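What you see below is based on every heavy atom in this structure, not just the backbone, and it leaves out hydrogens, waters and symmetry mates. Residue numbers start from 1 in every chain, and the chains themselves are labelled A, B, ... in the order their sequence lines are given, proteins ahead of strands. Since the structure is predicted, the reported quantities are computational estimates derived from the model, not experimental observations.
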Amino acid sequence: ENRESVLNSKSNKLTEALEEANRLFNGVSRAREAALDAQFLVIATNIGKEKASELHSEMSAFDSAAFAEDLLTFMGINRTEEEEETDDSEDVPGGFLPTDAWQTMGEEATKYFRRAPTFHYMMGSFKSEPPVPKQRIERRKKASRGKAERAMPAQLKKMELSHQEATEKEVERILRILQTHFENDPDTPISFFDFVIDPNSFARTVENMFHVSFLIRDGLAKIKLDEDELPVIEPMKPIGRGEEDNRAAARNQVIISLDQKEWK
Amino acid sequence: QVSELVQFLLVKDQKKIPIKRAEILKSVIRDYKEASSEILNKAGRTLQEVFGLQLVEIDTKRHAYILINNLPHPEGNYLCKDKDKEKMGLLLVILSFIFMKGNSVKDSALWEFLCLLRVYPGKQHRVFGDVRKLVTEEFARQKYLEITPIPLTDPPEFKYQWGPRAEKETSKRDVLNFVAKMQGKNPTFWASQYSEAEANA
């Protein structure tokens with residue numbers, strides 16, 4: 001209370017109050033009173049700070065009223081006409097402010113800001129989720145051996161299935177991709193690395209190799225070395241019982257090591 | 001990854017609210033948290049080289065970022081919507097007032113000044129609508145203004161200062177030049193503001 005009268009630069013009320021507080025503090029014996037004293041000091045400090053700033057000791061005097069008038073002038077105020085809307089009893093200084101007053105001010109203002117222009121898609125916006133990498137299977141020309149299909153696995157969605165079932169599903173899916181490719185192009189096996197490597201994710205590459213190993217284990221696909229000693233993979237056609245022993249015998253263990261650097 | 005982040009930042013910047021690092025990690029970087037600083041740095045370079053925008057960290061404690069324009073001022077800024085231009089006008093006026101008055105003003109002083117410009121806190125404004133909300137909420141959230149309560153005031157009072165975005169997007173020198181232009185005076189007319197502005201340039 002009485003904040004305004006205390007703030008008055010001519011009054012000594014603040015000093016008097018502080019002196020009284022000092023006197024009173026001598027009689028303080030309880031924590032609650034000390035707390036009140038502390039509270040009083042905070043208020044007194046704030047008032048002191050305000051008084052100091054009101055003295056404008058740091059800044060050269062700035063006439064805000066004159067500034068306001070100059071701003072209105074800049075915005076195109078017409079001081080000869082009376083303002084048309086007489087809504088309330090507030091003291092409106094004479095003059096008519098045009099509707100584009102703040103447009104004018106804004107035009108000038110933008111020159112003083114280094115504001116990044118707001119970014120908008122020209123064709124409208126997409127959904128805000130990052131795009132799911134799609135599974136792309138391109139037709140491979142017979143002529144060019146180098147370009148193999150790259151099957152990019154779709155993002156693994158969270159499934160309620162257990163881990164094991166998820167693996168089985170993945171394995172099945174990869175087998176189908178392999179078989180589909182082979183239907184289109186039966187005589188050329190795919191380069192193993194082209195098949196499993198995901199250029200964007202080392203983790204997925206390893207996963208792919210893991211799934212492919214299941215196919216090999218179950219005899220659904222086979223890997224062999226081609227003329228360049230590079231591994232290639234092709235699906236095995238489902239054969240009758242008689243030949244199964246043959247297949248079992250031909251299985252070998254291979255360990256492939258691939259670290260991130262090599263993968264890159 | 002980097003281009004995803006660049007896109008993410010550009011879109012997030014539309015509202016001019018600082019982008020938190022946590023958001024970035026959750027939405028874009030996800031699995032590659034260890035590389036996050038590198039990805040951020042690369043994104044910053046792309047933003048600078050392709051768009052002329054600077055990625056600035058305005059809160060080193062809580063890690064929040066804004067985009068500002070690094071290109072020299074074009075004549076006639078046609079990239080700004082009218083609504084935003086008008087807000088910029090009001091903002092510049094407020095920032096000027098705060099600076100010229102010693103970098104910190106009480107809310108009562110600010111609104112008293114704005115009333116002189118026919119902008120009233122309690123009244124719906126023809127252009128700005130709910131001005132009080134625009135100033136105390138929108139400008140504060142965008143970090144153009146820093147509004148802090150003055151302790152133990154009843155009814156509660158607030159002090160207004162420049163926010164970190166204002167510090168980055170404009171300067172005391174620019175603002176003083178604005179005031180000088182409006183008043184048809186030389187910026188050196190206000191000696192202490194002038195020296196402070198030059199010291200900060």
Side-chain angles (χ1 to χ4, degrees), chain A residues 1 3 39 42-43 46 49-50 53 56-75 83 85 87-88 90 92-93 95 97 99-121 125-126 128-131 200-201 203, chain B residues 4 8 10-11 13-14 16 27-28 31 51 53 66-70 73 77 79-82 84-93 96-97 100-102 104 106 113 115-118 120 123 126-128 150-153 168-170 174-175 177-179 182-184 189-193:
Chain A
E1 319 132 18
R3 205 182 173 90
Q39 231 184 25
V42 173
I43 300 181
N46 280 325
K49 204 167 69 169
E50 262 190 72
S53 70
H56 300 296
S57 52
E58 290 161 46
M59 298 311 227
S60 313
F62 174 64
D63 186 345
S64 43
F67 182 49
E69 281 303 308
D70 291 330
L71 288 173
L72 288 171
T73 308
F74 181 78
M75 289 196 268
E83 177 120 8
E85 31 179 335
D87 17 50
D88 44 5
E90 285 187 44
V92 178
L97 204 60
T99 32
D100 66 349
W102 285 101
Q103 252 313 298
T104 313
M105 182 57 74
E107 281 289 340
E108 180 67 20
T110 48
K111 300 182 198 159
Y112 299 84
F113 285 97
R114 298 199 303 164
R115 190 166 145 119
T118 33
F119 176 82
H120 294 288
Y121 290 100
S125 56
F126 299 108
S128 51
E129 300 140 28
N200 294 323
S201 166
Chain B
E4 242 184 79
F8 177 80
L10 285 169
V11 172
D13 182 64
Q14 283 171 357
K16 297 295 165 194
S27 311
V28 181
D31 319 315
F51 299 95
L53 299 175
I66 58 169
L67 291 180
I68 60 170
N69 201 334
N70 238 358
H73 286 124
N77 190 339
L79 287 170
C80 201
K81 285 200 300 241
D82 283 354
D84 288 341
K85 271 193 206 159
E86 292 164 330
K87 288 181 187 174
M88 290 280 100
L90 179 63
L91 180 65
L92 181 60
V93 164
S96 314
F97 180 73
M100 297 303 283
K101 280 292 193 185
S104 174
K106 260 200 317 182
F113 170 69
C115 285
L116 297 175
L117 299 171
R118 324 290 179 81
Y120 310 100
K123 197 170 128 184
R126 204 167 36 186
V127 172
F128 301 115
I150 302 175
L152 296 180
T153 46
K168 293 284 178 192
E169 285 192 14
T170 186
D174 284 332
V175 163
N177 285 337
F178 168 68
V179 174
M182 291 294 111
Q183 301 223 261
F189 179 77
W190 298 274
S192 34
Q193 283 89 332

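Listed here is the closest heavy atom pair of B:Leu116 and A:Ser64: CD1-O, 4.5 Å. Scanning all heavy atoms of the two residues, the minimum distance from B:Arg126 to A:Leu97 falls at NH2-O, 3.6 Å. When all heavy atoms of B:Leu53 and A:Ala116 are compared, the closest pair comes out as CD2-CB, 3.5 Å.
If you measure heavy-atom distances from B:Lys16 to chain A, the contacts under 4.5 Å come from the side chain alone. Both the backbone and the side chain of B:Leu90 come within contact range of chain A, judged by heavy atoms closer than 4.5 Å.
When B:Asn69, B:Ile68, B:Leu91, B:Asp174 are each tested for a side chain to side chain contact (heavy atoms under 4.5 Å, CB included) with A:Phe113, only one passes: B:Leu91.
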Please determine whether side chain to side chain contact (heavy atoms under 4.5 Å, CB included) holds for the pair A:Glu108 and B:Phe178, giving the CA-CA distance in whole Å, both sets of side-chain angles, and the decisive distance to 0.1 Å. CA-CA 9 Å; A:Glu108 180 67 20; B:Phe178 168 68; 4.2 Å; yes
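Taking the six-membered ring for Trp and thresholds of 30 and 60 degrees, A:Phe67 and B:Phe113 have nearly parallel ring planes, at less than 30 degrees apart.
For the options A:Thr104, A:Asp63, A:Leu71, A:Thr73, heavy-atom pairs under 4.5 Å to chain B are most numerous at A:Leu71. With respect to chain A, the highest number of heavy-atom pairs below 4.5 Å among B:Val179, B:Asp13, B:Val175 belongs to B:Val179.
Distance CD/B:Glu86 to CH2/A:Trp102: 9.5 Å, rounded to 0.5 Å.
At least one side-chain heavy atom of B:Val93 sits less than 4.5 Å from a side-chain heavy atom of A:Met105.
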